[in-house]
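First up is the structure itself, then whatever we jot down about it.
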Amino acid sequence: MMEEGPPNPSGSQRGWSVTTNGSSSLDLKPLVQPLALNPWDVVLCISGTVISCENAIVVVVIFYTPAFRAPTFLLIGSLATADLLAGLGLILHFAFIYFIPSEAMSLLTVGLLVTSFTASVSSLLTITIDRYLSLYNALTYYSERTVTRTYVMLLLTWGASICYGLLPVMGWNCLKEPSACSIVKPLTKNHLIILSVSFFMVFAVMLQLYVQICKLICRHAHQIAVQRHFLAASHYVTTRKGIATLAAILGAFASCWLPFAVYCLLGDDTYPALYTHLTLLPATYNSMINPIIYAFRNQEIQKVLWTVCCGCLSSTMPFRSHSPSDV
């Protein structure tokens, strides 16, 4: 027997709301009646604000630093841009629920959120591919071919993400057919299933690439042990740090997104909204963790931040773009 959600004290629904059959789900469709402030909306808005501020710093630093034009930093910039849009989407969602209720703007907001979160997940995949290729083809990585490949990956990432985000705006929503609604309204069940399956495919590819990277690291370690060369050992230490970073990212990615992806496949709009909140909120935290793992740990970005904040370093000092394994 399905658990029924608590009654809405205001007698209306908007945003995170109670459906007409007494069960709760995440409803992004605003209604005209006034709505009491929902704590979940406040938490999401605060999370969106933190996400936006963090990633805005990364985007500005990469955009205004000429030395950060290497493929590695372009991919990090793509990830930060996607997470920045995700944070702005959460803020706009809150604003359109309580201040500017509009069905059209609600569809645009959910489209923005789908686009940004899809681009964020896809950017993590492209960075993982870049890490693998930098180790597999270490001698030819710094070439024009790498730059071309990076732009192709960025084009595919954002092209697919925008297509996913346009689906609810172009009519693939459940506004006219409530029975087709998923746990995240106005997305349809089929739309959410496609997004969830795409996530599992991305995660499987990332996991496989990580296994291959570990094998490459073990092979390099064996060669280093045979050669006992100081420079090689130094390079191995750098590479090992990069793999540790990749492992942290993969672990954070899985712990943040897997609960929501699984619930998207198993849940429906008759389940209590609490289940959706408890799985969706950690997913948003991945966009909060990404700049900490990727950008703020990078020495080059740290130097620029220190220069801007306290002038500890000369703004004209040369920067050296490390290999992707060092980022």
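In what follows, every heavy atom counts, from backbone to side chain, and hydrogens, waters and symmetry copies are set aside. Not measured: the values here are computed from a predicted model.
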Closest approach of [X] and [Y], non-hydrogen atoms and distance?
X: Thr115; Y: Gly165; answer: OG1-CA, 3.1 Å
X: Ile62; Y: Arg69; answer: O-NH1, 2.8 Å
X: Leu113; Y: Ala86; answer: CD2-O, 3.7 Å
X: Val147; Y: Pro71; answer: CG2-CG, 4.1 Å
X: Leu112; Y: Gly89; answer: CD2-CA, 3.8 Å
X: Thr279; Y: Thr276; answer: OG1-O, 3.1 Å

Would you say [X] and [Y] make side-chain contact, with heavy atoms under 4.5 Å?
X: Pro282; Y: Phe260; answer: no
X: Phe200; Y: Val262; answer: yes
X: Ser47; Y: Met288; answer: yes
X: Tyr210; Y: Thr128; answer: no
X: Leu107; Y: Leu175; answer: yes
X: Ile100; Y: Met105; answer: no
X: Ile183; Y: Tyr275; answer: no
X: Leu281; Y: Tyr285; answer: yes

(request) Write out all pairs satisfying side-chain hydrogen bond (donor to acceptor under 3.5 Å, both in side chains) with one or both partners inside residues 196-208, taking only residues at least two apart or from two chains. (result)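 Listed once each, the pairs are Tyr164-Ser198.
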
(request) Any side-chain hydrogen bond (donor to acceptor under 3.5 Å, both in side chains) involving residues 49-62? Give me the pairs, sequence neighbours left out, ordered by first then second residue. (result)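 Passing the test, one end in residues 49-62: no pairs.
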
(request) List in chain and number order the residues that pass side chain to side chain contact (heavy atoms under 4.5 Å, CB included) with Thr126, two or more places apart in sequence or in another chain; answer none if no residue qualifies. (result)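 For Thr126 the side chain to side chain contact (heavy atoms under 4.5 Å, CB included) partners, ignoring immediate neighbours, are Leu75, Ser123, Met153, Thr157.
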
(request) List in chain and number order the residues that pass side chain to side chain contact (heavy atoms under 4.5 Å, CB included) with Val169, two or more places apart in sequence or in another chain; answer none if no residue qualifies. (result)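 With sequence neighbours excluded, Val169 shows a side chain to side chain contact (heavy atoms under 4.5 Å, CB included) to Leu108, given in chain and number order.
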
Report the distance from atom [atom1] of [X] to atom [atom2] of [Y], rounding to the nearest 0.5 Å.
X: Tyr136; Y: Ile129; atom1: OH; atom2: CD1; result: 15.0 Å
X: Asn286; Y: Leu124; atom1: CG; atom2: CG; result: 6.0 Å
X: Asn290; Y: Tyr294; atom1: CG; atom2: OH; result: 7.0 Å
X: Leu166; Y: Ser161; atom1: CG; atom2: OG; result: 11.0 Å
X: Ile194; Y: Cys264; atom1: CD1; atom2: SG; result: 12.5 Å
X: Thr109; Y: Phe96; atom1: OG1; atom2: CZ; result: 4.5 Å

Kindly give the cluster partners of [X], where membership spreads through any ILVMFWY side chain lying under 4.5 Å from a current member.
X: Phe63; answer: Val60, Tyr64
X: Val211; answer: none
X: Ile91; answer: none

(request) Could you label the plane-to-plane angle of the Phe94 and Tyr98 rings as parallel, tilted or perpendicular, counting under 30° as parallel and over 60° as perpendicular? (result)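 Ring orientation of Phe94 relative to Tyr98: tilted.
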
(request) Could you label the plane-to-plane angle of the Phe199 and Phe253 rings as parallel, tilted or perpendicular, counting under 30° as parallel and over 60° as perpendicular? (result)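 Phe199 and Phe253: tilted rings.
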
(request) With sequence neighbours left out, write down each residue that passes ring pair (Phe, Tyr, Trp, His ring centres under 6.0 Å) with Phe203, or none if nothing qualifies. (result)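 Per chain and number, Phe203 pairs via ring pair (Phe, Tyr, Trp, His ring centres under 6.0 Å) with no residue.
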
(message) Listing request: all ring-ring contact (aromatic ring centres under 6.0 Å, His included) pairs with a residue in residues 102-128, at least two apart in sequence or in separate chains.
(response)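 Counting only pairs at least two positions apart or across chains, the ring-ring contact (aromatic ring centres under 6.0 Å, His included) contacts touching residues 102-128 are Phe117-Trp257.
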
(message) For Cys174, give me all partners under disulfide (SG to SG under 2.5 Å), at least two apart in sequence or on another chain.
(response)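 Result, disulfide (SG to SG under 2.5 Å) vs Cys174: Cys181.
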
(request) List in chain and number order the residues that pass side chain to side chain donor-acceptor pair (under 3.5 Å) with Ser120, two or more places apart in sequence or in another chain; answer none if no residue qualifies. (result)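 Ser120 satisfies side chain to side chain donor-acceptor pair (under 3.5 Å) with Asp83 once adjacent residues are dropped.
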
(request) Only counting residues at least two apart or in another chain, list the ones meeting side chain to side chain donor-acceptor pair (under 3.5 Å) with Thr188. (result)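 Thr188: side chain to side chain donor-acceptor pair (under 3.5 Å) contacts with Trp172.
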
Cluster check [X], [Y]: I/L/V/M/F/W/Y, side chain < 4.5 angstrom:
X: Leu156; Y: Val205; answer: no
X: Val110; Y: Ile162; answer: no
X: Ile76; Y: Val152; answer: no
X: Leu192; Y: Met170; answer: no

(message) Applying side-chain contact (heavy atoms from CB on, under 4.5 Å) to Val61 and Leu305, what does each step give before you reach the verdict?
(response) CA-CA 8 Å; Val61 167; Leu305 291 176; 3.7 Å; yes

(message) For Leu216 and Gln212: C-alpha separation, side-chain torsions, deciding distance, then whether side-chain contact (heavy atoms from CB on, under 4.5 Å) applies.
(response) CA-CA 6 Å; Leu216 290 174; Gln212 295 301 320; 5.6 Å; no

(request) Starting from the C-alpha separation in whole Å, work towards a yes-or-no answer on side-chain contact (heavy atoms from CB on, under 4.5 Å) for Val58 and Phe296. (result) CA-CA 8 Å; Val58 179; Phe296 298 146; 3.9 Å; yes

(message) Looking at His277 and Ala273, would you say the former's side chain and the latter's main chain have a donor-acceptor pair under 3.5 Å?
(response)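 Flag set: sc His277 to bb Ala273 pair under 3.5 Å.
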
(message) Using side-chain contact (heavy atoms from CB on, under 4.5 Å), reason through Glu300 and Thr65 one step at a time and then give a plain yes or no.
(response) CA-CA 10 Å; Glu300 265 61 3; Thr65 306; over 6 Å; no

(message) Quiz question: by atom type and distance under 3.5 Å, do the side chains of Trp158 and Ser78 form a donor-acceptor pair?
(response)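 Yes, side-chain donor-acceptor contact under 3.5 Å.
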
